[in-house]
2 protein chains.
Amino acid sequence: MNLEEAKAQFIQSWGILGSQWGINRTMAQIHSLLLVSAKPLTTEDIMEQLSVSRGNTNMNVRELIDWGLVDKVIIPGERKEYFSAEKDIWKVATLIMYQRKKRELDPMVKVLNQLSTVDGDKKNEDVKAFVDTVTNIKKFAGQAEKTLDTIIKAEENWFWGSFIKLFK
Amino acid sequence: MNLEEAKAQFIQSWGILGSQWGINRTMAQIHSLLLVSAKPLTTEDIMEQLSVSRGNTNMNVRELIDWGLVDKVIIPGERKEYFSAEKDIWKVATLIMYQRKKRELDPMVKVLNQLSTVDGDKKNEDVKAFVDTVTNIKKFAGQAEKTLDTIIKAEENWFWGSFIKLFK
DNA sequence: AATAAGTTTCACAAATTATTGAAAGTTAGA
DNA sequence: TCTAACTTTCAATAATTTGTGAAACTTATT
């Protein structure tokens, strides 16, 4: 397999994976294109290599920058903006976990807390089932949150070292 | 807040969360409806409570059963099928992790392995960048796989006990 | 200030995904 | 075996999400 084929397949697969995780295909594809490029690319490079419009490229690059997965790079003497992706996969994973925690777990915890105030006969079977379930999810979410925070703050070496050993 | 309101809000929120994770809204809503119901429900109950068609209900219930999140329950003397959800959140999380690993991580690893066979000048900058990135993702995916396997096999108590303490 | 290079926005179009509902298929019991 | 209760399928349709591209906007340079 030559480089171009391999890149194309990687971009394709990464795009599919992304879309299964609620990230749009183009965003994932731009990310993977930047991941496998040795040098920073311009908006035009991206447009050309992925056959995607300028507007779409711009929006998704902006989103990637928002997530911290991509950086603007300024090349001295050039007017154009260049973009490059964080290549350290551990950092990438960490950034994604952080973003998703912030955008999804945190709001869910907020809702769960409001739901605790459900009133009614505590002996009623339905009320009991509901309160039980919500309480359990809240506990789980709380632990998940703590665990994520720790992982996010952890150094890569720590993860690859003691953490993995623990799971052998 | 009364029970009905609380249930409705829970179902709504769970549905949104699901859709951010590539699970369709109705499937997530049916799951949450069953999660907070004291007793098993029939297809008709679900249709009525979520205002969803028979076909849609059937398809999504089947998918939930497929994932192992919902069970058919047969009530003696009744012809209808009843459905109930696994209420233990740790088990729910475990089942979901397992399904997603199987459906997404495993295929990605397969692709990554194929991509290792990229040929070309190993001193070429682009080839190097590509091989580097793919190799790193492969390593990461391998470790993630191991970790997930261990978590999936682990007992709840083990998780809530030593695992969490480690992260304090 | 004028110009040109570069970036962003947004109404509309295209593509994708979910839902409906009626018809076909099953199954338990008479 | 027949039939009525119940479940499943799937082609058509609706809803949602994503992408386009030209116009508006911004900024650097002369």
Side-chain angles (χ1 to χ4, degrees), chain A residues 11-34 40-67 70-84 100 103-104, chain B residues 11-34 40-67 70-84 100 103-104:
Chain A
I11 289 168
Q12 161 87 351
S13 302
W14 202 247
I16 291 171
L17 189 68
S19 66
Q20 286 163 332
W21 286 81
I23 287 157
N24 88 48
R25 214 182 59 248
T26 306
M27 181 171 155
Q29 287 183 340
I30 293 175
H31 183 221
S32 55
L33 176 62
L34 292 172
L41 303 179
T42 64
T43 299
E44 307 236 322
D45 294 332
I46 296 168
M47 285 169 62
E48 194 183 315
Q49 297 201 40
L50 299 180
S51 310
V52 137
S53 74
R54 184 176 299 283
N56 195 8
T57 301
N58 182 267
M59 301 248 269
N60 286 111
V61 167
R62 205 142 41 76
E63 183 90 7
L64 284 164
I65 291 174
D66 231 53
W67 281 53
V70 165
D71 288 321
K72 258 186 204 176
V73 172
I74 285 154
I75 296 190
E78 290 257 25
R79 180 89 176 268
K80 261 183 217 151
E81 292 180 340
Y82 284 76
F83 303 102
S84 83
R100 300 207 74 142
R103 287 162 207 232
E104 293 153 22
Chain B
I11 289 167
Q12 160 84 354
S13 301
W14 203 247
I16 291 171
L17 189 66
S19 66
Q20 286 164 331
W21 285 80
I23 288 158
N24 91 45
R25 212 181 61 250
T26 306
M27 180 170 156
Q29 287 183 340
I30 293 175
H31 183 221
S32 55
L33 176 62
L34 291 171
L41 303 179
T42 65
T43 299
E44 307 236 322
D45 293 333
I46 296 169
M47 286 169 63
E48 195 183 314
Q49 296 201 41
L50 299 180
S51 310
V52 139
S53 75
R54 184 176 298 285
N56 197 7
T57 301
N58 183 268
M59 301 249 270
N60 286 110
V61 167
R62 203 144 41 76
E63 183 91 7
L64 285 165
I65 291 174
D66 230 55
W67 281 53
V70 163
D71 289 321
K72 257 187 205 177
V73 172
I74 285 153
I75 295 190
E78 291 256 25
R79 181 88 177 269
K80 262 182 217 152
E81 292 180 340
Y82 284 76
F83 303 103
S84 83
R100 300 205 75 141
R103 287 161 207 234
E104 294 154 20

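Chain letters run A, B, ... following the sequence lines, proteins first and then strands; every chain starts at 1.
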Between [N] ([atom2]) and [X] ([atom1]): distance, integer Å:
X     : N      : atom1 : atom2 : answer
A:N58 : D:dT18 : CG    : P     : 17 Å
B:E44 : D:dC6  : CD    : P     : 8 Å
A:L50 : D:dT20 : CG    : P     : 10 Å
A:I30 : D:dT20 : CD1   : P     : 10 Å
A:E63 : D:dT17 : CD    : P     : 14 Å
B:M59 : D:dA12 : CE    : C1'   : 13 Å
A:I74 : C:dG6  : CD1   : C1'   : 13 Å
B:I46 : C:dT20 : CD1   : P     : 13 Å

* **DNA chain C: 5'-proximal contact among A:K72 and A:R25 (nearest heavy atom)** =>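 By nearest-heavy-atom nucleotide position, the 5'-most residue is A:K72.
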* Given DNA chain C, 5'-ward residue of the pair A:K80 and A:S19, judged by closest heavy atom ->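 Between the two, 5'-proximity favours A:K80.
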* **Polar side-chain contact B:R79-C:dT27 base: donor and acceptor under 3.5 Å** =>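 Such a pair exists between side chain and base.
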* Nearest-nucleotide 5' precedence on DNA chain D, A:S51 against B:E81 ->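 Result of the comparison: B:E81.
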* Any donor-acceptor N/O pair, B:D45 side chain to B:T42 backbone, under 3.5 Å ->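 Yes, the answer is positive, given that a donor and an acceptor are paired below the 3.5 Å cut-off.
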Select one nucleotide: of [options], the one nearest the side-chain heavy atoms of [X].
X     : options               : result
B:T43 : C:dT20, D:dG19, D:dT7 : D:dT7
A:T26 : C:dT20, D:dC6, D:dT18 : D:dT18
B:V52 : C:dT7, C:dT20, D:dG19 : C:dT20

* To do: Identify whether any heavy atom of A:R62 sits under 4.0 Å from a base atom; if not, whether one sits that close to sugar-phosphate; answer base, sugar-phosphate or nothing.
  =>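 Answer is sugar-phosphate: A:R62 comes under 4.0 Å of backbone atoms only.
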* Check step by step if side chain to side chain contact (heavy atoms under 4.5 Å, CB included) holds for A:I30 and A:V61. => CA-CA 7 Å; A:I30 293 175; A:V61 167; 4.1 Å; yes
* Does CD in B:E48 sit with more than 12 non-hydrogen atoms of other residues, nucleotides or ligands closer than 6.0 Å? ->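 At most 12 heavy atoms, drawn from other residues, nucleotides or ligands, come within 6.0 Å of this atom.
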* Other residues, nucleotides, ligands: >12 heavy atoms within 6.0 Å of B:I75 CD1 ->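 For B:I75, atom CD1 is crowded (more than 12 foreign heavy atoms under 6.0 Å).
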* Asked: Does A:N56 place a side-chain N or O at less than 4.0 Å from the phosphate oxygens OP1/OP2 of D:dT18?
  ->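 No, no such contact exists.
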* **Pair A:L33-A:W14, side chain to side chain contact (heavy atoms under 4.5 Å, CB included): steps then yes or no** => CA-CA 10 Å; A:L33 176 62; A:W14 202 247; over 6 Å; no
